[in-house]
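Below is one structure; the comments refer to it alone.
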2 protein chains.
Amino acid sequence: MPRTLPKHATAEDMKYVQDTLYVISGKWKMLIILAICAGNNRFKDIQRAIPRITTRMLSKELKELEQNKLVTRRVYDESPVLIEYSTTAYCKSFGAIIHEMIRWGKEHRKIVKK
Amino acid sequence: MPRTLPKHATAEDMKYVQDTLYVISGKWKMLIILAICAGNNRFKDIQRAIPRITTRMLSKELKELEQNKLVTRRVYDESPVLIEYSTTAYCKSFGAIIHEMIRWGKEHRKIVKK
DNA sequence: CCGGATCCTATCGGATACTG
DNA sequence: CAGTATCCGATAGGATCCGG
């Protein structure tokens with residue numbers, strides 16, 4: 001399973017890596033995606049699911065995720081107005097990366113402790 | 001290939017994701033790993049391989065990568081002194097993530113352009 | 001409930017100069 | 001060659017308060 005590192009990464013490849021990094025980096029984006037996936041679709045629910053995130057950050061990050069087409073925001077015109085966030089089909093393409101990050105983070109704990 | 005997102009990520013999982021993110025984030029770390037993999041083992045070589053990185057940044061990031069056991073620094077006591085950086089076996093466990101990031105970054109270009 | 005607006009601080013990272 | 005040291009601007013992100 002541990003594939004080897006790419007030995008001949010091109011300059012293009014490096015750009016792609018940076019792009020990806022840019023989209024997922026920051027303290028919260030990945031956690032927000034995970035929280036929505038877990039069934040938290042309302043603003044308050046997401047916030048409750050992620051310890052210590054502030055409304056400012058959640059609001060900001062949700063907007064960026066929307067711009068990157070990873071999250072959809074739907075407004076249902078009831079009263080009081082109901083807003084629902086969901087991950088896009090495209091967002092599922094993150095699956096492999098997230099699973100890898102969980103696996104790797106777990107491993108890393110053991111390694112660095114030594 | 002596009003695995004689905006994890007539906008039941010635990011709080012533990014979230015911690016692991018944050019840890020991984022912490023290790024790889026920043027503008028340069030991944031590029032430095034790729035550069036070393038491509039056969040650039042000396043400080044100057046790595047710097048040449050990565051456009052616009054400053055000595056300050058390269059120095060700082062290499063130290064962190066060493067602390068995280070992703071890179072090894074060897075000193076050969078010739079004169080002038082020769083220093084060689086290499087990726088650890090452990091670093092290869094990044095393979096899957098990096099490949100995924102390249103793939104995903106490439107895809108993302110197309111999506112966002114639309 | 002769903003955020004926006006302000007203010008503040010810490011860290012990130014660039015530029016430049018200098019050292020063994 | 002392989003870095004260190006300093007200075008500085010930009011940005012990330014926290015705290016708090018406010019409004020529809």
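Predicted, not measured: the structure shown is a model, and the values here were computed from it. In what follows, chains are A, B, ... by sequence order, proteins preceding strands, each numbered from 1.
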Interatomic distance, A/Ile83 atom CD1 to A/Phe43 atom CZ [nearest 0.5 angstrom]: 9.5 Å
Rounded distance [0.5 Å steps], CE in A/Met14 versus CG in B/Leu31: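 One gets 6.0 Å once the value is rounded to the nearest 0.5 Å.
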Rounded distance in Å - CZ (A/Arg74) to P (C/dC2):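 Taking CZ of A/Arg74 and P of C/dC2, I get 16 Å after rounding.
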Euclidean distance, atom CD of residue B/Glu61 to atom P of C/dT11 [Å, nearest integer]: 16 Å
Does [X] come within less than 4.0 Å of [Y], counting only side-chain N to carboxylate O?
X       : Y       : value
A/Glu12 : A/Lys15 : no
B/Glu84 : B/Arg74 : no
A/Glu64 : A/Lys60 : yes

Contact boundaries on DNA chain D for chain A, cut-off under 4.0 Å to non-hydrogen atoms: D/dG13 to D/dA15
Closest non-hydrogen atom pair, B/Ser93 against A/Glu100: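 What the structure gives for the nearest pair is O-OE1, 4.4 Å.
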Smallest separation among heavy atoms of B/Val17 and A/Ile102, with atom names: CG2-CG1, 3.5 Å
Matching residue for A/Asp45 among A/Gln47, A/Arg48, A/Arg42 - test: side chain to side chain donor-acceptor pair (under 3.5 Å): A/Arg48
Secondary-structure stems, DNA chain C, at least 3 Watson-Crick or G-U base pairs under 3.5 Å: C:3-20 with D:1-18
Does anything in [range] reach DNA chain C, meaning a heavy atom under 4.0 Å, and if so which residues?
range                     : value
residues 25-37 of chain A : none
residues 40-59 of chain A : A/Arg42, A/Phe43, A/Lys44, A/Thr55, A/Arg56, A/Ser59
residues 13-22 of chain A : none

Centroid-centroid distance, B/His108 to A/Tyr16, less than 6.0 Å: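 They do not qualify: ring centres at least 6.0 Å apart.
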Members sharing A/Tyr76's hydrophobic cluster (side chains within less than 4.5 Å):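 The other cluster members (ILVMFWY side chains, heavy atoms under 4.5 Å, direct or chained) are A/Leu82.
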A/Tyr22-A/Leu70 co-clustered via ILVMFWY side chain contacts under 4.5 Å: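 No, separate clusters.
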